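Remember, predicted model here, so these are calculated numbers, not experimental data.
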Amino acid sequence: MWNRFVAALAARKAVSLVVGVALVVGSGAFARKLVVTSDVTDAMPPLTPEVQAWLELSKRFDAFNSFIIGLEEPNAPMTAEGLEAVTRVTKALAAKKAEGVLNVASVTNVDSIHESDDGSLVTETLITSIPKDEAGLAALRAKVKADTKVTGALISGDQRGYMVLARVDGSKDGAALATLVRHTVEENKGPLTAHYFGAAFITGLIAQRLAERGTLLGIAFIVLLLIVLAVLVRRAQRIVVGLLCAALTLVVWAGLAGALGVTVSATALTALLGVAGVSMAAFARGLEGSAKSLVAVGFAALALTRIPVPYVAATGAVLALGALAALLVGLFIFTPLAPPAEEEPTGEKNLLVPALVLLALFGFAASRAHFRATPQEMFSGSDEVGRALHFFDEHFKGADIIQIDFKGDLREPAIAARLMRMTDLLEGTKELPDVRSVTQILGFLNKGFAGVQRIPTTRESMGNLWFFLEGREDVKQLVSGERDEAMVVVRIPTTPANS
């Protein structure tokens with residue numbers, strides 16, 4: 001019955017081609033609705049409890065919407081030229097609020113809370129002016145180094161590295177914001193060397209690498225495909241029609257994905273080579289004999305979408321839609337256009353031995369492959385991300401962060417005191433370069449009010465401290481607005497000290 005249906009379409013070429021052209025044109029229109037995402041969490045299993053907890057915590061504290069820009073002094077620590085460049089970068093980024101840069105923090109605009117001569121607390125900008133003489137710079141270096149809230153967070157201990165933190169609007173396109181931030185920094189960084197770190201910058205580089213390597217893989221794929229077709233199919237007209245229909249299959253695939261509202265990750269797009277290969281194999285064999293194979297590929301790909309690993313599931317969705325697109329193009333375009341297949345020796349038996357040899361070689365190569373899970377493994381030292389990692393390793397003693405979720409009513413002195421104790425224990429170790437917790441700020445404020453750097457003993461006194469911190473941007477990513485949850489941020493060295 002299937003063969004009679006295909007023969008009927010071949011006999012009514014005009015009708016089939018009209019349907020085929022309408023299919024391609026409609027697909028081109030819907031392809032514009034295709035959404036391609038580039039997310040560092042694409043390869044993580046979202047149903048795993050640990051991954052779920054981390055994703056929810058990061059979203060609650062807006063961790064995914066933070067850009068980190070590292071600026072490096074070329075020769076000496078904290079120079080006047082370097083501070084002026086950091087000031088320009090900070091002001092230029094802060095001026096982009098309408099474009100989606102919500103808040104910018106750096107050593108040149110951060111507030112410092114300190115005691116005045118009469119014992120009262122005073123809040124003022126840490127760096128009020130940039131001295132030009134060496135004596136003034138030396139005094140400023142000492143002042144900045146004494147501020148533990150800034151050293152290790154916005155400026156390195158050796159004072160040759162600066163960190164600019166930009167919080168962006170999560171509802172806007174992350175890739176466009178990353179491009180905006182990069183362009184703004186490059187225009188204003190002066191003699192400093194810039195390094196970019198954050199989810200949007202990493203995913204952008206991943207997409208760039210995929211595009212570069214995807215082009216090379218595509219060229220190699222086409223060359224090998226032409227060689228195989230020349231041996232197996234031999235008829236030039238059938239090869240040309242098959243290649244044309246394979247290309248149209250990709251157009252129809254994009255249209256189906258756009259029409260169905262399928263969101264595709266950038267990494268899963270590499271499966272399009274598989275779609276092209278499957279469709280070309282089907283066209284080379286003839287739709288009469290390959291329709292069942294396409295259906296089988298489609299159902300097998302649908303089974304992959306049930307696997308709770310985003311990359312694998314997305315790849316399955318790409319292949320399943322590809323099998324459907326190949327079937328539609330084969331019916332309404334390839335069947336009426338392709339010349340009838342001829343019974344001729346194809347040399348398939350002669351290709352069996354080389355195919356087995358290639359399969360064995362690829363199997364050996366696959367056995368030596370391993371998944372790269374960390375930025376240090378995914379990028380070489382010559383990559384932009386690799387250079388940024390080296391910058392943070394050298395100046396900030398590490399680029400990796402551990403987030404510790406602490407839940408409890410932090411308006412209660414006993415609960416806040418437990419968090420402070422945990423923070424003190426973490427700070428007391430010699431292997432952690434930097435520990436950030438809201439209790440460090442609370443303790444310092446209490447020292448100004450009560451003369452002792454600790455959590456106050458009454459709920460009323462705690463309320464006074466929280467009132468003083470209301471609306472401060474540097475607190476929002478450390479404690480929730482309801483004061484019932486806090487996040488302790490711990491920087492860990494890439495290479496442990498005892499290794």
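- Checked by atom type, the side-chain pair Glu73/Gln159 shows no donor-acceptor distance below 3.5 Å.
- Two residues are said to be in side-chain contact when any heavy atoms from C-beta on lie closer than 4.5 Å; Glu427 and Thr423 meet this criterion.
- Judged purely by atom type and a 3.5 angstrom limit, Arg88 uses its side chain to pair as donor or acceptor with the backbone of Asn188.
- The pair Arg160-Asp158 fails the salt-bridge criterion, with no side-chain N (NZ, NE, NH1 or NH2) lying under 4.0 Å from an Asp/Glu carboxylate O.
- For the atom pair CE of Met420 and CD1 of Ile415, the computed distance is 14.5 Å after rounding to the nearest 0.5 Å.
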> Do Val185 and Leu71 pass the side-chain contact (heavy atoms from CB on, under 4.5 Å) test, and can you show the C-alpha distance, the side-chain angles, and the key distance before you say yes or no?
Replying inline: CA-CA 9 Å; Val185 172; Leu71 297 172; 4.2 Å; yes
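- Without hydrogens or angle criteria, Thr125 side chain to Ile127 main chain gives no donor-acceptor distance under 3.5 Å.
- Listed by first then second residue, pairs satisfying salt bridge (charged side-chain N to carboxylate O under 4.0 Å, His left out) with a partner in residues 125-146 read Glu84-Lys132, Glu134-Arg141, not counting sequence neighbours.
- At distances below 3.5 Å, at least one donor-acceptor pair connects side-chain atoms of Ser156 with backbone N or O atoms of Gly161.
- At least one side-chain heavy atom of Phe392 sits less than 4.5 Å from a side-chain heavy atom of Met163.
- Of all the heavy atoms in Thr184 and Ala92, the pair that sits closest is CG2-CB, 3.5 Å.
- Side-chain contact between Arg491 and Arg436 is absent, with no heavy-atom pair separated by less than 4.5 Å.
- Open room surrounds CD on Glu460; 12 or fewer heavy atoms of other groups in view lie less than 6.0 Å from it.
- Residues Asn103 and Val168 have side chains not in contact (no heavy-atom distance under 4.5 Å, counting atoms from C-beta outward).
- Annotation: cation-pi pair Arg182/Tyr196 present, NZ/CZ under 6.0 Å from the ring centroid and within 45° of its normal.
- Between atom CG of residue Leu154 and atom CZ of residue Phe396 there is a gap of 8.0 Å, rounded to the nearest 0.5 Å.
- In this model, a donor atom of one side chain and an acceptor atom of the other lie less than 3.5 Å apart for Thr458 and Ser461.
- Taking CG from Leu465 and CZ from Arg483, the interatomic distance works out to 11.0 Å, rounded to the nearest 0.5 Å.
- Residue Arg167 comes nearest to Gln477 through the heavy atom pair CD-NE2, 3.8 Å, listed as atom of the first residue, atom of the second, then distance.
- A side-chain hydrogen bond (donor to acceptor under 3.5 Å, both in side chains) with Glu72 is found for exactly one of Lys189, Arg387, His395, namely His395.
- If you take CD on Glu485 and CG on Leu478, they are separated by 12.0 Å, rounding to the nearest 0.5 Å.
- Under the ring-ring contact (aromatic ring centres under 6.0 Å, His included) criterion, Phe406 pairs with no residue, sequence neighbours left out.
- In terms of the side chain to side chain contact (heavy atoms under 4.5 Å, CB included) criterion, residue partners of Glu482 (sequence neighbours excluded) are, by chain and number, Ser480, Asp484.
- The existence of a salt bridge linking Arg418 and Glu412 is excluded, since no basic side-chain nitrogen approaches an acidic carboxylate oxygen closer than 4.0 Å.
- Of all heavy-atom pairs spanning Ser129 and Leu140, the tightest one is O-CD2, 4.3 Å.
- Side-chain N or O atoms of Ser66 include none that pairs as donor or acceptor with a backbone N or O of Ala166 at under 3.5 Å.
- One N or O on the side chain of Gln440 and one on the backbone of Ser437 form a donor-acceptor pair closer than 3.5 Å.
- Across Leu319 and Ala301, no two heavy atoms sit closer than the pair CB-CB, 3.6 Å.
- Across every non-hydrogen atom of Thr90 and Ser106, the tightest pair is OG1-OG, 2.7 Å.
- Test Leu93, Val86, Thr87 against Val89 for side chain to side chain contact (heavy atoms under 4.5 Å, CB included) and you get one pass: Leu93.
- A distance of 12.5 Å separates CD1 of Ile69 from CG of Leu192, quoted to the nearest 0.5 Å.
- Of the possible donor and acceptor atoms, one in the side chain of Thr429 sits under 3.5 Å from a partner among the backbone N and O of Leu426.
- Contact annotation: the side chain of Asp147 approaches that of Leu126 to within less than 4.5 Å [non-hydrogen atoms, C-beta and beyond].
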